[in-house]
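Because only heavy atoms are used, hydrogens play no part in the values below, and waters and symmetry mates are left out as well, while side chains stay in.
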Amino acid sequence: MNSLLKNTLWIIVAVLGAGAVSGIALNRGEPINALWFITAALCIYAIGYRFYAAWIAATVLMVDETRATPAERLENGSDFIPTNKWIVFGHHFAAIAGPGPLVGPTLAAQFGYLPGTLWLLFGAVLGGCVQDMVTLFLSTRRDAKSLGQMARDELGALGGTAALIATFAIMIILIAVLGLVVVNAMKHSPWATFTVSATIPIAMIVGVYMRYVRVGQVLEASALGVILLLLAVAGGRAVDESATLRVLFDHEGLTLAWWVMAYGFAAAILPVWLLLAPRDYLSTYMKLGTITLLAVAIILLQPEVKMPAITQFVDGTGPIFGGKLFPFVFITIACGAISGFHALIASGTTPKLLTNERDIRMIGYGGMLLESFVAMMAMIAATVLDPGVFFAINSSAGVVGKEAVDAVAKISSWGYPVTVEQMQLLAQQMGEATLFARTGGAPSLAVGMASIFGSAFGQGMLALWYHFAIMFEAIFILTTLDAGTRVGRFMLQDMLGNKWAVMGQTSWLPSVIFTSAVVVSAWGYFLYIGVIDPNGGVNILWPLFGIANQMLAAIALCVATGILVKSDKAKYSFITGVPLLWLIIITSTAAWQKLTSDDVRIGFLAAANDLSDKLAAGLLPPDKAAIAPKLIFNFQLDAVITVFFVSLLWLIVFDMLRVCVRYLLGKSVPALTESPHIPSRLVEEWVRD
Amino acid sequence: MFKAIKTFWQAIRQLSGDDAYERYLTHHAQHHSADGDPLSKKAFFKKWQDEKWQGVKRCC
């Protein structure tokens, strides 16, 4: 009877999920309620978790709850600590959830809501969650080793080096594109600039408070910080309205970009307790709080999604970024479906806390499901806007024209009516001078969130909600930016330390300053080019980031597939092999198009040649002619980077295949490095604290 | 009800690291009591924060 009830329940979930998915897939021309998206997502996640993840855990990985985890065997009281599974889940989710799943779906909404939504659901359940869970498992069985170390041990030195270089490269591109998102959100917006700048001294106050005033009182200090942040959001209005103050915070993109670089440099060399740690506390609370609030608001309000299911831009002519639906929707969504970056958290960091192998499914697979859900809410926030408004905010001046009249005429001609008055009213409601051409995804997400929050919790405070949303995005973008710069610095110091030992000392000031400067210049260059790019820069940097992130995921899946084959589980290797194959196809296709396409909005080389021809023929206005040589060089550099990423990908794929084939032929391969089975002592006696 | 709130509060404290020093003291008393006195709260907290920020700890 009990099992009959359970089966019936799961059949209902399956039918409901299938109904919701076909509802959003087959709907044409009518606005559709956002609850359909939530229902579809929850049902698909539930089925994936209950059946696919459980099967992988039991049959493929064979998790063993009697086996001691590294947290138990190597417990040292500082980083290896057996921890309650919900606490581990919290740490893991806070670590993997960044700005990526918010920005990706917002940009991908130019294809309509459907392609992005489907990839978010199925990509996560079949790809991203599996990657995270399997990586977590493999690292747990290998004393919490990092992905790079596992690649080196299990595949060979080549794989390890490739993973290391890929991590460094993706970090640089990631920070540049995130920096650009913040700069675009602050450009000529005194309110946003004031609020975002205020987060820096607020973080420092919190840091000093925790270190000197009330030592170690993390929650008390964080509560103080959150109150100050909210005051900073409200105070931004006063700055915006004061004629003397607003000029201090009203800046061009380029000025702001220099400030962001200076900030990144300072954050990389300042002590952790002063800036990085307190900022991270604040951003984590803001992130979890705002995401919860958004979910509640969407469920309360049940907004209508106004974007069509599919737009004409699937043909590659999209105003936000060029390129056809295949492969660019997959490259653009990136983090919400499969994120290679998660493999870095799932190996090394999370396994050090894991008490029991049976929780791997919940933390690895479940954590990624929640991330996908966050991306789904970003998709809803982008698509509840009128499509005309969405395109007006996200299309750069280089595509739709500098003048408001030209922009609305062009966007309306695509079939998405919008008027200058409508945009002016919206900008006024949001407390901004203009919302035209605010590329990067953050402003449109903030407008979407503000309209959802405003409708659910009070329309009168739209401007406050808008700037709250901007602050929320900026604070954890800046956290990723400074944490990333610091990690980049450590990686560089480590590499240089192999040659000159003194450079490897993480506390030797000349080395700290030199390596921080190198890392900041590397991402600062791409940020600079992005800011001066007349098409907004995001259209170039985001695909590059997507390719890099999917390539890192492919590396993680290569390691996993190789280990499965070497563990005599070749018949199950499809669980990572199929997502891997798909990633190889989409990254290689995207890279190929980025290199060879004749369309100047897709092909880097085509864009470089087009610009050089125009420059040579004297067709460019003086301001564009002045920056053209830099842009041409940058397009060529981007082409080189793309080739580099794809070569790295294929290198590691062939290395993995070589190891697998050798193993299947009975030849020698690097031995499995799984730690021996030691029975857990915690299973019986462990009490959930 | 009271117990549930208490458990929730404990979870928040542990997630944020608010009780890190208390847990360190317990660990020290159980495993390292022979190795000398535990670190002061200030010294522990500095060490804890520095360690927490080694390596990749935040994603995109």
>> Heavy-atom pairs under 4.5 Å with chain A - which of B:His27, B:His28, B:Lys52 has more of them than the others?
In response: B:His27
> What do the steps show when you test B:Gln14 against A:Thr83 for side chain to side chain contact (heavy atoms under 4.5 Å, CB included), and what is the final call?
Replying inline: CA-CA 9 Å; B:Gln14 200 180 341; A:Thr83 308; 3.5 Å; yes
>> Quick check on B:Glu51 against chain A: is it the side chain, the backbone, both or neither that has a heavy atom closer than 4.5 Å?
In response: side chain
> Could you state the interatomic distance from NE2 (B:His31) to CG (A:Asn76), rounded to the nearest 0.5 Å?
Replying inline: 10.5 Å
> Where do B:Lys57 and A:Ala95 come nearest, in terms of heavy atoms and distance?
Replying inline: O-CB, 3.5 Å
>> For the CE atom of A:Met210 and the CZ atom of B:Phe45, what is their distance to the nearest 0.5 Å?
In response: 5.0 Å
> Of A:Ile87, A:Thr284, A:Val88, which meets side-chain contact (heavy atoms from CB on, under 4.5 Å) against B:Leu15?
Replying inline: A:Ile87
> What is the distance from atom CD of B:Gln10 to atom CG of A:Asn84, rounded to the nearest 0.5 Å?
Replying inline: 11.0 Å
> Between A:Thr480, A:Ile345, A:Leu344, which has the largest tally of heavy atom pairs under 4.5 Å with chain B?
Replying inline: A:Ile345
> Rounded to the nearest 0.5 Å, how far apart are OH of A:Tyr212 and NZ of B:Lys42?
Replying inline: 5.5 Å
>> Rounded to the nearest 0.5 Å, what separates atom CD in A:Glu220 from atom OG in B:Ser16?
In response: 11.5 Å
>> Which atoms of A:Val215 are under 4.5 Å from chain B, going by heavy atoms: the side chain, the backbone, both sets, or neither?
In response: both
>> Are more than 12 heavy atoms, taken from residues, nucleotides or ligands other than B:Asp35, located less than 6.0 Å from that residue's CG atom?
In response: yes
> Looking only at heavy atoms, which two atoms of A:Gly216 and B:Lys41 are closest? And how far apart?
Replying inline: CA-CE, 4.3 Å
>> Between A:Ile96, A:Asp280, A:Leu276, who has the most heavy-atom pairs with chain B when the cutoff is under 4.5 Å?
In response: A:Asp280
>> Tell me the closest heavy-atom pair linking A:Leu219 and B:Asp18, and the distance in Å.
In response: N-OD1, 2.9 Å
> Does any heavy atom of chain B fall under 4.5 Å from the side chain of A:Tyr285, the backbone, both, or neither of them?
Replying inline: side chain
>> To check you understand the geometry: which heavy-atom pair defines the closest contact between B:Gln49 and A:Trp273, and what is its length?
In response: OE1-CB, 2.9 Å
